[in-house]
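Each chain gets a letter, A, B and so on, in the order the sequences are listed, and its residues count up from 1.
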There are 4 protein chains.
Amino acid sequence: MAESPVPSPVLPPRSARAHACALSAARDLLAEGGLPAATVDAISARSGVSKATLYKHWPSRTALAAEAFGREMADAIPLPDTGDPRADLEEQVRRVSAFYAGPTGEVFAQLLAACVTDPLAAPFFREFFLDGRRAAISVLWQRLVDAGLASPSVTAETATDLLFGPLIFRRLTGHAPLTISEADAIASAALEGLLRRE
Amino acid sequence: MAESPVPSPVLPPRSARAHACALSAARDLLAEGGLPAATVDAISARSGVSKATLYKHWPSRTALAAEAFGREMADAIPLPDTGDPRADLEEQVRRVSAFYAGPTGEVFAQLLAACVTDPLAAPFFREFFLDGRRAAISVLWQRLVDAGLASPSVTAETATDLLFGPLIFRRLTGHAPLTISEADAIASAALEGLLRRE
Amino acid sequence: MAESPVPSPVLPPRSARAHACALSAARDLLAEGGLPAATVDAISARSGVSKATLYKHWPSRTALAAEAFGREMADAIPLPDTGDPRADLEEQVRRVSAFYAGPTGEVFAQLLAACVTDPLAAPFFREFFLDGRRAAISVLWQRLVDAGLASPSVTAETATDLLFGPLIFRRLTGHAPLTISEADAIASAALEGLLRRE
Amino acid sequence: MAESPVPSPVLPPRSARAHACALSAARDLLAEGGLPAATVDAISARSGVSKATLYKHWPSRTALAAEAFGREMADAIPLPDTGDPRADLEEQVRRVSAFYAGPTGEVFAQLLAACVTDPLAAPFFREFFLDGRRAAISVLWQRLVDAGLASPSVTAETATDLLFGPLIFRRLTGHAPLTISEADAIASAALEGLLRRE
DNA sequence: TGGTAAACGAGACGGTACGTCAAGTCTTTGA
DNA sequence: TCAAAGACTTGACGTACCGTCTCGTTTACCA
């Protein structure tokens, strides 16, 4: 027992395979037809993973879809890094806005909506998607703080909500477009403040 | 149409009665168990209005629920008017935040989520709820502009999104609490701006 | 509206068409592959009647199958009537034995077995099959009694059990064949008695 | 067949423990909740014998349950022996009837029913239960024959079916009660014959 | 007495069917 | 003519249990 010839068996390989297959199938289905297409039966059929197994890995269909979506989106919106912290943040708002405006944004909205109804899925959506996005913004925000440009009294949390909450709200209700100029207006207003400066 | 000698035999009343009854039943069901409880069959059963009739008045169950909710909420959050436009707006953010934090906020979230899936219902939600809210904020915003406190270059639309988008985002994802102090932090950041003033 | 103000509305005539279609499909499936083939989904697919509707008409899949089987078997074993009551009864035992020995007997056994597990279905099997069979035997038995050949102290119930219980027992356990000679042996033993006559 | 030097390797001893544990667990589960409770997983969990092992010892869950039941019931209904062969047989019918009427009779019915669906289990039920019961009756029957009371032309097989088939039929369909008086009626009719004696 | 092959424990997996639910459509009936 | 009543189709959901399979461990015989 000198060395461990088979160190990998730590993780039941079979389980991992089923898990990965399911996520992959879900990802494809989400891309093809959004959340409505990511039916449990469809995922099961396409992945070869049985329904029963799916429900052993995830508490609900939405949770599975949320993880699949989150994992795929992990690197979907790379952070800009031009050396100008403020410009980077503004650019990120533009990118996220464009992301929400596109077909993937539709899936995001469906998932966000589904989590309202499905409390079991919400943690998955947070863990695999939202937390990642939030962490990315925190990086940008910290750069601003470090550069002495941002009020250190404002948390990254609040900054994130202020910058992206409006975009999401618009995406959900469709009451206003998600164009670049609108994104800029929001970013600008958030950064400069709504009140007039003397 | 001088006067109505035979008020009841006229046709319109029947339709109007059914409409009102359905909305009333839906309102009660929403209050009791949220959107999930406002089943078409439940609304039909409680109101005495047949399902077929419901579908003649609304394109979908969600649309009906949205109208019922919107009508009831019309005057749920009275606008403050203390003479101090900024304080009024801040107070309104607090009130709306409290509203979202409560049980009615849950119904709001369910409706907002449902409209993502149901395009037919979205216009109803906008017309009977969102537009009213938005108009209310416009009033407050206009006071700020008139008082020379707000940047006139920022539209009421943007201001509304910036102030309430974050609240709604939090309500949906539950990633941050909806307390008064949080509401104040958001209002303050939105009004003053995220960037440090030199 | 002289009389019978509300005679019919007592029982809303549940869509006879759906009922009949379902039974017909079930009957065919039973014939093709026995009870295991008479899946709810299969019945639904073949009949065009939705699963939800099936479960509104019957409490369980087995109940539906039992009714389908019972209705079809209603006239499957015509009563002999040669004028000789005893010969008629013996002939009937032979016929029933042959029935049990055949493919239809297999379905009978499956249904009987399923009703052990499914209490909701048992009443259907009794009402639509067993009762009919029992009534038929009662007729033959009554002829014997009328002819003074049978002990009037023995009920038709007991006679039926004695004549057919053994056949069913054999069919279920397969411990003994269901041939004509075996059927005759049983009939003979039942009629004459197990004990030696002095 | 000189001698068997290593007769033991035929049966691995370790096997015996697992075999016994499984049967014991199955027996307990049958007693607690009937066949439906004797789930493969439940037997495995309670006995500590893995599912894989269970399926190495028995071809199906029902077969296992059948053996467990049969072994336990082996001596459940002791044969009466009063010296009066006919009275003994009648008494036995009463005892068996009471047995079927009780909770254990329910398990018997479930097992009998399950064997209809599961051909692999039927041999186990026969070997471990039915054959034993049948052999017991043969003993009683032989006494009658030896005493010259029974028709030697009637096999023990037929006699058994005639006496107990009706009881089992009743137990399965529930169309008639399983009381002592009913048992007596059946025994009497079987022994004396259905036809009137001149 | 250490090695080795069968047997075992644990439990994930694929599969089949079940029974349930709500949405939205359509037909019948009554006033 | 309109609406109440309510049956129907559709489509998906989540669950249960079966029997198989893999993997790592234990046991018991054998060299």
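Closest to the D/Ser50 side chain, of the nucleotides E/dG24, E/dA10, E/dG19, is E/dA10. Distance from the side chain of D/Asp41 is smallest for F/dC18 among the nucleotides F/dA3, F/dA12, F/dC18. The side chain of B/Thr39 sits closest to E/dA22 out of F/dT15, E/dA22, E/dG19. Proximity note for A/Thr53 (side chain, C-beta onward) versus E/dG9, E/dG19, E/dG14: the nearest is E/dG14. Counting only heavy atoms from C-beta on, C/Lys51 has its side chain closest to E/dG19 among E/dG9, E/dG19, E/dG14.
Remark: C1' of E/dA22 and CZ of B/Arg61 are 8 Å apart, rounded to the nearest angstrom. With rounding to whole Å, C/His19 atom NE2 is found 11 Å from F/dC8 atom P. Counting to the nearest Å, the P atom of F/dG19 and the CD1 atom of D/Ile43 are 11 Å from each other. Whole-Å rounding puts the A/Tyr55 OH to E/dC13 P distance at 16 Å. Nucleotide F/dC17 holds its C1' atom 13 Å from the CG atom of D/Leu35, rounded to whole Å. Whole-Å rounding puts the A/Trp58 CH2 to E/dC13 C1' distance at 13 Å. As a whole-Å value, the separation of A/Arg17 CZ from E/dA12 C1' is 12 Å. Atom pair B/Lys56:NZ and F/dC2:P shows a separation of 8 Å (rounding to whole Å applied).
A donor-acceptor contact shorter than 3.5 Å links the side chain of C/Arg126 to the backbone of D/Thr173. Distance alone, capped at 3.5 Å, is enough to place a donor-acceptor pair between the D/Ser60 side chain and the D/Ala63 backbone.
Between A/Phe108 and the options A/Thr104, A/Leu111, A/Leu112, a side chain to side chain contact (heavy atoms under 4.5 Å, CB included) holds for only A/Leu112. Here the options are D/Leu120, D/Thr53, D/Leu23, the test is side chain to side chain contact (heavy atoms under 4.5 Å, CB included), and the partner is D/Trp58; only D/Leu23 passes.
Where A/Pro59 and C/Val49 meet DNA chain F, the nucleotide closest to each residue was compared, and C/Val49 sits on the side nearer the 5' end. Between A/Ala52 and B/Ala52, it is A/Ala52 whose nearest contact on DNA chain E lies nearer the 5' terminus. If B/Pro36 and C/Asp118 are placed on DNA chain E by their nearest nucleotide, the residue sitting closer to the 5' end is C/Asp118.
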Next item on the list: I would like to know whether B/Thr62 and B/Thr117 meet side-chain contact (heavy atoms from CB on, under 4.5 Å); could you show each step before the answer?
Entry: CA-CA 10 Å; B/Thr62 314; B/Thr117 302; over 6 Å; no
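At the heavy-atom level, A/His57 lies under 4.0 Å from the strands shown only through sugar-phosphate atoms.
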